[in-house]
Amino acid sequence: MELRILRYESLPSTNTEALSQARKGAPEGLCVVADEQTEGRGRHGRTWVSAPGAGLYFSAVLRPKLEPRDLPLLTLASAVAVNDVLKELYDISTDIKWPNDLLVEGRKIAGILAETTETEDGTAVVVGIGINLRSSHLPEELASASASVESETGAQGDRDELLERLVRYFFFHCERTATASGRDRVLKEWSARSSYGRGKHVRVDAAGKRIEGITDGIDGHGALIIRTADGTETVQAGDVTALR
Amino acid sequence: MASATQKEDNDKGTAKGTPATEPSLNMDELRELAKLVDEHGFTDFEFENEKIRVRLGKSTVIHHAAPVVPAHPAPYEAPGAQPAAPAADAAPEADEDDGLHQITSPIVGTFYRAPSPEKPAYVKEGDTVSPDTVVCIVEAMKLMNEIQAEISGEIVKVYVENAQPVEFGQPLFGIKK
């Protein structure tokens, strides 16, 4: 894999740019980084606030040889990578909220959104990662709902150092999904870093219905298993809220 | 500010360290929040905890799901049989419904007809598609899987409503070649 990093001062969205590069034939290893996103996206049309210099906005092109049902493991592997980078560089302990939000005491410090696109060279996956470096530019009312490297350490950190470490860990963990034993490791490592995986009282708003219960692990593809009053539910997508 | 929605629920849960106070914002607080969001130039702001969800947006469109085409209202089930794990690939099977070619879901997930709630559906009944036309998204674990038509033809059926769960191999669209 050849690593190539395209850096921009400002982009509408690093994911959109990486998807466009993938459709034009960009190989695995192409990364897009911007200091600002003017239309940063979260899940299903939500906005990811991406003010100039306030975060690291990163997207990478992957061309995994995986069955479609295994592709979501890449987002769990990405969360493990971000967790470990924040711990090792800044000693920030994060909890992974299923499937891949990074929280510091309930406040979001990083988010991940992945998208696939069909290209002439097969399916490409773009994984976008946003890490908050500072939240001091936000008014107190908004800042209190999020965390940043600055809010946890008092300094914003070195952006280049963060990028270098993130790229290395990200590709390392994603490449492990290529084998069955590697996928198993990803699931185990995810579970070890998430309080949401097991024994958590949660509410999930998923696909038009609301599920409440206690989490009981993730299945072999990363879906969240929840024990409810009526039985067991397996959740593939939805908003998880911790209760108590 | 075109819209501000507020949602409460009856859950008893309280976040760690969050005092169990009255859950709702009053109108003054909401106005204050709207002003702050406006001053800082955001076009969209969303905040949610156990008790409240606030979304503030400047867009003038109505915040609602993409138009839902009434299709088969019942959840998908293989008639007369427990759905076994399909042995074959996810290759769409033809001729199941009036000779229509069916686009099926390659994964278990949530079906979305539009890229976001404010945007129009990728395709609707009557649209002509080519193999590389994106017809929908199926989400699993925050991976948005873009699904293409893979053949040329006309969309004549939409089998699943927006934001509904879909199974592996479940028909999503019927296409007349």
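The chains referred to below are lettered A, B, ... by the order of the sequence lines, with proteins before strands, and numbering in each begins at 1.
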Note, A/Asp101 side chain near B/Lys142 side chain (heavy atom, < 4.5 Å)
yes

Please step through side chain to side chain donor-acceptor pair (under 3.5 Å) for the pair B/Glu146 and A/Thr116, ending with a clear verdict.
CA-CA 6 Å; B/Glu146 182 187 276; A/Thr116 72; 5.8 Å; no

For A/Leu113 and B/Met144, work out which heavy atoms get closest and say how close.
CD1-CE, 3.9 Å

Which portion of A/Ala223 sits near chain B, non-hydrogen atoms under 4.5 angstrom:
both

Of the backbone (N, CA, C, O) and the side chain (C-beta and beyond), which part of A/Pro72 lies under 4.5 Å from a heavy atom of chain B, both, or neither?
both

Set of side-chain contact (heavy atoms from CB on, under 4.5 Å) partners for A/Glu233, sequence neighbours left out
A/Lys209, A/Ile211, A/Thr228

Examine whether an atom of B/Pro115 lies under 4.5 Å from a heavy atom of chain A, and if so say whether it belongs to the side chain, the backbone or both; otherwise answer neither.
backbone

Single hit among B/Val108, B/Leu143, B/Ile107 for side-chain contact (heavy atoms from CB on, under 4.5 Å) with A/Gln236
B/Val108

Enter the distance from B/Met141:CE to A/Leu74:CG here, rounded to the nearest 0.5 Å.
11.0 Å

If you look only at pairs with a residue in residues 110-134 of chain A, which of them pass as a salt bridge (Lys or Arg N to Asp or Glu O under 4.0 Å), with sequence neighbours excluded?
A/Arg41-A/Glu115

Can you sort out the partners of A/Arg69 under side chain to side chain donor-acceptor pair (under 3.5 Å), two or more places apart, ordered by chain and number?
none

As an exercise, state the distance from NE2 of A/His221 to CZ of B/Phe168, rounded to the nearest 0.5 Å.
10.0 Å

Interchain contact, B/Gln148 with chain A, by part (heavy-atom threshold 4.5 Å):
side chain

Applying a strict 4.5 Å limit to non-hydrogen atoms, the region of A/Val126 in contact with chain B is neither

Proximity breakdown for A/Thr117 and chain B, heavy-atom pairs closer than 4.5 Å
both

Just wondering, do B/Asn145 and A/Leu71 contact through their side chains at under 4.5 Å, heavy atoms?
yes

By a 4.5 Å heavy-atom criterion (distance strictly below it), what part of A/Ile112 contacts chain B: side chain, backbone, both, or neither?
backbone

Is any residue of residues 132-140 of chain B within less than 4.5 Å of chain A by heavy atoms, and which ones?
B/Glu139, B/Ala140

